[in-house]
Participant: 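One structure is given below, represented as structure tokens, and several questions about it will come after.
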Amino acid sequence: MSDQTHLPGHDLAPGEEEQHSVGERVLGYVVGLGLALLLTATSFFIAGTDLVWQPSIPVALIVLAIAQMGVHLVFFLHITTGPDNTNNVLALAFGLLVVFLVVGGTVWIMSHLNANMPPMDQIMPKPM
Amino acid sequence: MLGKLDWSAIPFDQPIPLVAGGVVLVAILAVLIWVVVKGHLPYLWHEWITSVDHKRIGVMYILLASVMLLRGGSDAIMMRIQQAVAYQSQGYLPPEHYNQIFSAHGTIMIFFVAMPFVIGLMNLVVPLQLGVRDVAFPTLNSVGFWLTATGALLVNLSLVIGEFARTGWLAFPPLSELSYSPGVGVDYYAWSLQISGVGTLVAGINLVTTVLKLRTRGMNYLRMPMFCWTTLASNLLIVAAFPILTATLAMLLLDRYFGFHFFTNEAGGNVMMFMNLIWAWGHPEVYILVLPAFGIFSEVVSTFSGKALFGYRSMVLATMAICVISFMVWLHHFFTMGAGPDVNAIFGIASMIIAVPTGVKIYNWLFTMYGGRIRFATPMLWAVGFMVTFIIGGLTGVLVAVPPADFMLHNSMFLVAHFHNVIIGGVLFGAFAGFEYWFPKAFGFRLDERWGKLAFWFTFLGFYVTFLPLYIAGMLGMTRRLQHYDVAAWRPWMFMAAFGMLILSIGVICQIMQLVVSIRNREALRDRTGDPWDGRSLEWATSSPPPVFNFAFNPDVRGEDAYWDMKSRARQQSLEHDEPEYQDIEMPRNSPTGFVCAFFATIMGFALIWHIWWMVILGGLGAWATFVVFAWRDHDEYVIPAAEVAAIDRVNLEERRSLVSMAGIV
Ligand code: HEM
Ligand SMILES: [Cu+2]
């Protein structure tokens, strides 16, 4: 049913995009792999180092992790900003929104669970 | 060798499940023998069981849902009778049995009635409405269906081998943990849902892709029928929410099988996390169910009012708004858990906001009817009945979404009344409306209107007599899931509810009668035009039942209400009479992949429940091998020659021409 799927201006599924030459595609994956490895190595290095200010380590790890996701999306999942990619980008945005809502909401809810509890030392008699 | 399984698993001491199970078993055997003796087996195998045709799969989903509706309905009748008689006594159902019944009832009604019914309707109709030949992944579609059937089978198996969960339909820990539920009940529950959950996810991916990627020429997003939009929204929710359910149940299973402590009382487990996660799926789930119903009502109301849907774009917007907001309200199911006023207030307000797009829809339907030439055929009756009933359910929903009120009403009979009000009045009425509306499309003959109307009135009345008393009982302080009680004031309301159940049952019987009578009179009820209701969207542009390839040509869409538009144009131009040039059509071949896969999944599920590890491996390997064989297949399509397409299409075209020219004279 390819006559239905390739309407002009219609977007493409991953893997359906124009075929580049093999060399070009391999190059793309190699660059992606290199970047991914670099980011991974950096994360491991940062986690154990005392070269940087200690409290900045978690922040650095988060930044590196987000960059890692970006590399995967661009080089491996081929998410681009082209017009043939609208659906993929929208799906990604929807997914991110849901993850943000559920994870953020969960953290918020669970951290408030004991809001109505009086402090422990008021419920439990202090040991004599 | 057989894990935990031995003769003690068969409940010889409990006559009710044994007799019920026996009767079902005999019935199934009788049907099987009849099928084999009559020689229908090859037909069933080639035309249905291995079919990858979205219409057939849709019909099988609906059949599964209907059968399970009878099972879930029997549970309901038993519970209503128990609560009517168990005043200051034990009634006739001992607690452990009663608890299994309400758990099975909820599980079955949500996962194996409501879900397959709406998924079946979407499967049947959406490709037709989009003007295409099939869904995006036909074989995957069949796999999805058969995995759902596996889940249903396992739940029913628990009736005679072992027991079902006694934990309620969401299996809250710590009750569902090993220390309080050592039996196999919770395992039956969890594995059924894990397996059928895969099926649902697959169906969701398939339908999202279908709507996004397969639309006929000119069918851009803002020309899609409303049902396609709600299908899109609902399936986006499936894809986003069902993994949460799977992960949550997986954690519960890890607790139960490997001694983890996600949700246990001790060793740092957190019960509240289960509530949080399960409802992060659970609230979207209710919209997964009701959004397609909204779509069905939109189609029905506009067809039977003879008008385009009022405020189409606002309807689209409302649908997509619900799709997003439904992920922002889940805490309203556990206001009383103690997250404090800040959190409760925010989620309470979000819950009220979600009622706004729903209200927009109600007004749109009303304005569609306003000034229309309304025909009160059976589907329209269900639609109007829905509007009245759903408004009440929505209002009580907003009421329990007010945290202070919810502290009084949470887990009372009032809550039970609320969700039945929206699920029966919304989802079930919607499913019935869709069933009545699209039945002629699926089978080529109409349903008997007289029995259909009787079914509607009994169900409608029966619903109110059953569930309004529950609101009152809830106000009087009655909590849900009581096996017996000592409060005299509740009793009259329980009697009334049981009586209502009787009326509802008559409604169900009428529905069955309608089917029987219609099948018997099918020649008189035959619809040759393919357009029995004077429809507006593309499913009515092909014959009933549609040929495997749906459309000889992909229709060309130039506006909203595509088929209506074509009909009007045809009337003006008195139809081109030259024969179109037919071409070969490629269709996907049927495949037993789904059935075989589900066969092994059933074995694996059963073995997991009973800890029969060698059998788990066997089932797993089988399912995997099936997948490999399918992945390496050589021929996945066959060709229908142009001559055959022409022969099939000509008949339909003739009928349609005469229909249009007749209308043209008027
Ligand atoms: C106007 C929109 C709605 C609002 C504001 C709303 C609000 C609520 C609230 C606050 C609860 C929890 C009450 C409690 O546990 O004390 C609840 C329960 C429930 N609602 Fe709704 N609701 C709405 C629509 C729906 C719809 C459309 C459905 C289904 C199609 C639905 C199905 C359910 C179910 C199944 C439960 C109870 C589940 C359980 O505890 O077992 N609701 N609703
Ligand atoms: Cu909810």
Side-chain angles (χ1 to χ4, degrees), chain A residues 1-19 69 72-73 77-124, chain B residues 127 130-136 138 208-209 211-220 236-237 239-241 243-244 270-273 275-277 279-281 284 320 323-331 334 336-344 346-347 350 549 554 583 585-588 637:
Chain A
M1 278 171 281
S2 48
D3 52 326
Q4 288 159 4
T5 43
H6 292 292
L7 303 178
H10 210 268
D11 63 356
L12 299 168
E16 216 179 50
E17 50 279 282
E18 288 170 53
Q19 297 298 322
M69 289 187 235
H72 282 239
L73 288 174
L77 297 176
H78 306 292
I79 301 281
T80 67
T81 51
D84 59 351
N85 234 297
T86 334
N87 275 342
N88 296 336
V89 173
L90 278 178
L92 184 67
F94 181 65
L96 283 178
L97 176 69
V98 169
V99 170
F100 169 77
L101 287 174
V102 172
V103 174
T106 298
V107 170
W108 188 44
I109 292 168
M110 297 307 285
S111 64
H112 275 72
L113 267 189
N114 300 330
N116 285 344
M117 299 263 274
M120 263 332 221
D121 54 353
Q122 286 177 27
I123 320 177
M124 307 250 214
Chain B
L130 294 174
V132 298
R133 301 219 161 105
D134 211 325
V135 286
V208 169
T209 318
V211 176
L212 290 184
K213 308 292 291 186
L214 302 181
R215 278 169 283 120
T216 185
R217 229 168 295 123
M219 179 68 83
N220 56 32
L236 279 173
L237 286 177
V239 174
I244 308 180
N270 193 339
V271 173
M272 302 310 192
M273 191 50 138
M275 310 294 152
N276 175 64
L277 287 176
W279 284 116
W281 159 82
M320 294 325 271
C323 181
V324 173
I325 304 174
S326 66
F327 266 106
M328 312 207 292
V329 301
W330 76 95
L331 180 122
F334 48 98
T336 52
M337 200 165 88
D342 298 351
V343 181
N344 279 1
I346 296 289
F347 278 95
F549 47 80
N554 296 321
Q583 279 161 3
I585 294 178
E586 277 183 9
M587 292 303 293
E637 294 198 323

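Below, read A as the first sequence line, B as the second, and so on, with proteins coming before strands; counting in each chain starts at 1.
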Participant: Counting only heavy atoms closer than 4.5 Å, note whether B/N270 contacts chain A via side chain, backbone, both or neither.
Facilitator: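 Contact with chain A is through the side chain of B/N270 alone.
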Participant: Please classify the contact between A/V102 and chain B as side chain, backbone, both or neither, with a heavy-atom cut-off of under 4.5 Å.
Facilitator: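 Both backbone and side chain of A/V102 come within 4.5 Å of chain B.
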Participant: If we define contacts as heavy-atom pairs under 4.5 Å, which of B/V208, B/I244, B/D342, B/I346 has the most with chain A?
Facilitator: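 The residue among B/V208, B/I244, B/D342, B/I346 with the greatest pair count is B/I346.
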Participant: So which atom in B/W330 and which in A/G105 form the shortest heavy-atom distance, rounded to 0.1 Å?
Facilitator: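 For B/W330 and A/G105, the tightest heavy-atom pair comes out as CH2-CA, 3.8 Å.
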Participant: Taking C-beta and beyond as the side chain, do B/F327 and A/L97 meet within less than 4.5 Å on heavy atoms?
Facilitator: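 No; the side chains remain at least 4.5 Å from each other.
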Participant: Sort B/L236 into side chain, backbone, both or neither according to what part of it lies under 4.5 angstrom from a heavy atom of chain A.
Facilitator: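 B/L236 touches chain A through backbone and side-chain heavy atoms alike.
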Participant: If you compare all heavy atoms of A/L101 against all heavy atoms of B/V324, which two are closest, and at what distance to 0.1 Å?
Facilitator: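 Nearest heavy atoms, A/L101 then B/V324: CD1-O, 4.4 Å.
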Participant: Could you state the interatomic distance from NE2 (A/H112) to CE (B/M337), rounded to the nearest 0.5 Å?
Facilitator: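 Reported value, rounded in 0.5 Å steps: 12.5 Å.
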Participant: Would B/V239 and A/F94 count as a side-chain contact (heavy atoms from CB on, under 4.5 Å) here? Give the steps.
Facilitator: CA-CA 11 Å; B/V239 174; A/F94 181 65; over 6 Å; no
Participant: Does A/T106 reach the side chain of B/M273, with side-chain heavy atoms less than 4.5 Å apart?
Facilitator: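 In short, these two side chains touch, coming nearer than 4.5 Å.
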